[in-house]
Amino acid sequence: MRSVKKLFIETLGCAMNTRDSEHMIAELQSKENYEITDDAKSADLILINTCSVRDKPVQKLFSEIGVYKKLKKKGAKIGVCGCTASHLGDAIFKRAPSVDFVLGARNVSKISEAVNTPKFIDVAIDYDESNFAFSEFRASPYKAYINISIGCDKQCTYCIVPHTRGEEISIPLELIIAEATKAANSGAKEIFLLGQNVNNYGRRFSTNSDKKIDFSDLLDAISQIDAVQRIRFTSPHPLHMDDKFLNTFANNPKVCKSMHMPLQSGSTRILDGMKRGYSKEWFLNRALKLREMIDDVSISTDIIVGFPGESDADFEDTMDVLEQVKFEQIFAFKYSPRPLTKAATFDNQVDPLIAAARLDRLQKRQDEILDAIALSKQDKILQVYFEELRSSGFIAGRSDNNALVQVKASDSVLGQTHNVLITNPKRLSLYGQIVD
Ligand code: SAH
Ligand code: SF4
Ligand code: F3S
């Protein structure tokens, strides 16, 4: 029997980091007998899987390392992984000598080597893991995250991700299909496809492939797997939302009718400065077309307020898109200047107080929009796939169009789909009763 080691892992950032954490756990467990703990004090290995997209979480990282250093047991190791590892590299050892290794977001498969090599560091962003067969670990038995590409080629002027995750490479179709089949056959009826730019899938593979395949073809191929019931994905890019993609999205019954459309700004002038590649009109055209094609579609978005040079008029354009689309969910943040990015060098940075006031106005208006959306769900019946037992005792699941629905029921409904009558709709969650 190999001795049992305890692993504590803190995952910050986006769904790609969530999947990277699963991959690291799988790799560690394939070599040594690791079990997961939520008590850092008892852990033999403490991993922090970091995010770099805004400055705040990066600042928080060093105070957290300080906390773990104090509470960890003797001999336990601390590893910093993920996007901040990629961008700060060696500087992490200098600022926090208690850190044992630094492993970049593009080097996840080297986790065991990192743990077992003193002061290991690898933050190369040109390392290609697109063909690496990771071992199996999934935090949820009901939903399977699957990477379909790594990296990002877009170079949006505000964004650090291309500098932490390197160039964009699609994962071969055969690997994705094999992974989705295995996960679905073992009970994960919902497949969640991940990439920074999913609808650019198939543009480049690391081994020369003469196969022509795009994201719409990939969705159709995955939907052929019998055990797969629902397919979700994030993030698609508004620029690549051509008619073929919208038609596949609308017409494939296994593709869930919730679309993430990261707007960033409603002003075409600001979108140019961000190098997003689309205009306000294109975005509205695609979003309103989706609303027209699919009755019940939900649309979520990401918004940055206070990008360099954003005037009152530019911000009004963002508010106008909010009014016209009426997003079911938004993730809005103040612009945060990031190292290595072009926009951080622009000389027309917006006063943080003005940006804060704009963000506040945007969020208040969005709350009103969400209240109206919630109210419209009263007495509706939604089909919900249950996947989580909450500490409140409620069982939570998602409707096809991604509304969070909670019911009081036995946990035997986990992994099942039921019709739910919405009796108490709230802004952030709809409460109801299972009717069949
Ligand atoms: N690939 C995705 C986004 C990945 S980053 C896309 O293109 O939409 C997730 C979100 O973080 C972005 O959509 C953006 O809204 C936000 N973000 C990225 N860089 C930022 C910055 N410098 N300041 C504030 N928010 C930022
Ligand atoms: Fe960042 Fe733009 Fe790539 Fe999204 S598409 S990860 S915002 S560079
Ligand atoms: Fe953050 Fe890296 Fe994701 S910077 S948002 S964890 S790609």
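All ligand and atom numbering here is 1-based and tracks the order in the structure.
- Contacts between Gln196 and ligand 1 below 4.0 angstrom, taking non-hydrogen atoms only, involve backbone and side chain alike.
- With respect to atom 6 (S) of ligand 2, the closest heavy atom belonging to the protein is Gln196 OE1, 3.5 Å.
- Contacts between Pro262 and ligand 1, counted as non-hydrogen atom pairs separated by less than 4.0 Å, involve the side chain only.
- The distance from atom 3 (Fe) of ligand 2 to the nearest N/O/S atom of Cys156 is not under 2.8 Å.
- Atom 3 (Fe) of ligand 2 has as its closest protein heavy atom Cys152 SG, 2.2 Å.
- Residues Val325 and Leu284 come closest through the heavy atom pair CG2-CD2, 3.8 Å.
- Taking the charged nitrogens against the carboxylate oxygens, Asp296 and Lys257 have no contact shorter than 4.0 Å, which rules out a salt bridge.
- Protein heavy atom closest to atom 18 (C) of ligand 1, with residue, atom name and distance, is Val53 CG2, 3.3 Å.
- In terms of protein heavy-atom proximity, atom 7 (S) of ligand 2 is nearest to Tyr158 OH, 3.3 Å.
- Residue Arg276 places a heavy atom less than 4.0 Å from ligand 2.
- Counting only heavy atoms of the protein, atom 13 (O) of ligand 1 lies nearest to Asp302 OD2, 2.6 Å.
- Within ligand 1, counting atoms from 1 as listed, the ones closer than 4.0 Å to a heavy atom of Tyr335 are 23 (N), 24 (C).
- Comment: Glu35 does not engage Lys5 in a salt bridge, judged by the lack of any side-chain N to carboxylate O separation of less than 4.0 angstrom.
- Scanning the protein heavy atoms around atom 1 (Fe) of ligand 2, the nearest turns out to be Cys159 SG, 2.3 Å.
- If you look at Lys334 next to ligand 1, the close heavy atoms, those under 4.0 Å, all belong to the backbone.
- With waters neither drawn nor counted, the protein N/O/S atoms under 2.8 Å from atom 2 (Fe) of ligand 3 amount to 1.
- At a threshold of 4.0 Å, the pair Arg427-Asp367 counts as salt-bridged, since one of the basic side-chain nitrogens sits closer than that to a carboxylate oxygen.
- Judged by the 6.0 Å and 45° rule, Lys110 forms a cation-pi pair with Tyr127.
- Ligand-side atoms of ligand 3 in range of Gln196: 7 (S), range being under 4.0 angstrom from any heavy atom.
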